[in-house]
Amino acid sequence: MRPAAPLPLSFYARTPEVVARELLGKRLFRRTPSGLLCGTIVEAEAYLADGDPACHASRGKSRKNATMFGPAGRAYVYVIHARHCLNVVTEREGAPSAVLIRAVEPLRGVAQMQRNRQTDVLRDLARGPARLCEAMVINRLLDGWDLTLGRSLWIAEGDNVAPLPTIAVSHRIGVTSAHDLKLRYYLAGNTFVSGTQKLNGKPS
DNA sequence: CTACCGATTGACT
DNA sequence: GTCAATCGGTAGA
């Protein structure tokens, strides 16, 4: 697939639950010196500005999470367990909400992703937030990047194939608080979604 | 400065 | 299924 036009600011300027759900099936593009990388988003989690202790912004603004407090449509890249994770900022300036992109299905630049990840296993290239970042060369230099520019890193419309895949919902993976919130969205049955088979087969 | 933690991953039983 | 390595960010002495 050729590079497609970036989604506009209006796409991101909505609640994180809506953005997370609508990101499924969209395409994540990354242009590197070694070539263009692209994958279909198959899993995303919402983090709320209010009433969500799992959200990094819930304990106030800091150098690390400052991007979340800025305008929508920017990338929020942070490090956890010595690994990177990619979010998109939602809503508006002053409302620190975001959507974590947890997995993509590799579409283009597979050979480079295999080199970046040091594995040939297609399913393991971008199944998980940190794997995705390693495969697509996403690091803290991209924190705050404007995703509506259509350069370096952006998200575009995907093919609207029929029948539309079923969207499933579950609790978020890995978070140690707010386990009752069902804010993880994924394409049911897609092999590139992270998490256990039990969780994905029986959302709770 | 040290100490602790985590929105993870990969190796192992 | 279990478990520990990982290291930047943050809090606290």
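To find a chain, count down the sequence lines: A is the first, B the second, and so on, and within it residues start at 1. Predicted, not measured: the structure shown is a model, and the values here were computed from it.
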Separation between [atom1] of [X] and [atom2] of [Y], rounded to the nearest 0.5 Å:
X: A:Glu157; Y: A:Glu22; atom1: CD; atom2: CD; value: 9.0 Å
X: A:Glu43; Y: A:Asn200; atom1: CD; atom2: CG; value: 7.0 Å
X: A:Thr119; Y: A:Glu134; atom1: OG1; atom2: CD; value: 10.5 Å
X: A:Leu7; Y: A:Lys26; atom1: CG; atom2: NZ; value: 6.5 Å

Could A:Arg27 and A:Phe29 be counted as a cation-pi pair, given that NZ or CZ must be under 6.0 Å from the ring centre and within 45° of the axis?
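That pair does not qualify as a cation-pi contact.
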cation_pi(A:Arg14, A:Phe11) dist<6.0 Å, angle<=45:
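Yes, A:Arg14 and A:Phe11 form such a contact.
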For A:Arg102 and A:Ser194, test the side chains for any donor-to-acceptor distance below 3.5 angstrom and give the result as yes or no.
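A:Ser194 and A:Arg102 do have a side-chain donor-acceptor pair below 3.5 Å.
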Round to the nearest Å and state the distance from [X] atom [atom1] to [N] atom [atom2].
X: A:Lys198; N: C:dT2; atom1: NZ; atom2: P; answer: 10 Å
X: A:Met68; N: C:dG9; atom1: CE; atom2: P; answer: 16 Å
X: A:His84; N: C:dG8; atom1: NE2; atom2: P; answer: 9 Å
X: A:Arg123; N: B:dT9; atom1: CZ; atom2: P; answer: 13 Å
X: A:Tyr78; N: C:dT10; atom1: OH; atom2: P; answer: 13 Å
X: A:Asp124; N: B:dG10; atom1: CG; atom2: P; answer: 7 Å
X: A:Tyr185; N: B:dA7; atom1: OH; atom2: C1'; answer: 16 Å

Can you list, in residue-number order, the parts of residues 39-59 of chain A that come under 4.0 Å of DNA chain B, counting heavy atoms only?
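Nucleic-acid contacts, sorted: A:Tyr47, A:Ala54, A:His56.
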Interface residues of residues 130-142 of chain A with DNA chain B (non-hydrogen, below 4.0 angstrom):
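Per residue number, the list reads A:Ala130, A:Arg131.
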Per [X] side chain, nearest of listed nucleotides [options]:
X: A:Arg83; options: C:dT10, B:dT8, B:dA7; answer: B:dT8
X: A:Tyr76; options: B:dA7, B:dT9, C:dT10; answer: B:dA7
X: A:Cys85; options: C:dT6, C:dG1, B:dT8; answer: B:dT8
X: A:Thr176; options: B:dG6, C:dC7, C:dG8; answer: B:dG6
X: A:Lys64; options: C:dG9, B:dA7, C:dT6; answer: C:dG9

Using a 3.5 Å limit on both distances, find every run of at least three consecutive Watson-Crick or G-U pairs that involves DNA chain C.
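Stems for DNA chain C, defined as runs of 3 or more consecutive pairs: B:1-6 with C:7-12, B:8-12 with C:1-5.
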Under the criterion side chain to side chain contact (heavy atoms under 4.5 Å, CB included), which of A:Asp143, A:Leu142, A:Leu141 is the partner of A:Trp145?
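The passing option is A:Leu142.
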Which of these, A:Thr15, A:Val19, A:Leu48, sits in a side chain to side chain contact (heavy atoms under 4.5 Å, CB included) with A:Glu91?
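The passing option is A:Thr15.
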Does the side-chain hydrogen bond (donor to acceptor under 3.5 Å, both in side chains) test come out yes or no for A:Asn190 and A:Arg127, once each step is laid out?
CA-CA 11 Å; A:Asn190 188 291; A:Arg127 181 172 47 92; over 6 Å; no
If each of A:His81 and A:Arg63 is mapped to the nucleotide of DNA chain C with the nearest heavy atom, which maps nearer the 5' terminus, i.e. the 5' end?
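That would be A:His81.
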Closest approach of A:Tyr12 and A:Leu147, non-hydrogen atoms and distance?
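Looking at all heavy atoms of both residues, the shortest contact is OH-CB, 4.0 Å.
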For the hydrophobic clusters of this structure (ILVMFWY residues joined by side-chain heavy atoms under 4.5 Å, transitively), does one cluster hold both A:Val104 and A:Val42?
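Looking at the clustering, A:Val42 is in the same group as A:Val104.
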Sugar-phosphate only, base, or nothing, as touched by A:Arg117 at under 4.0 Å among non-hydrogen atoms
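Sugar-phosphate, no base atom in range.
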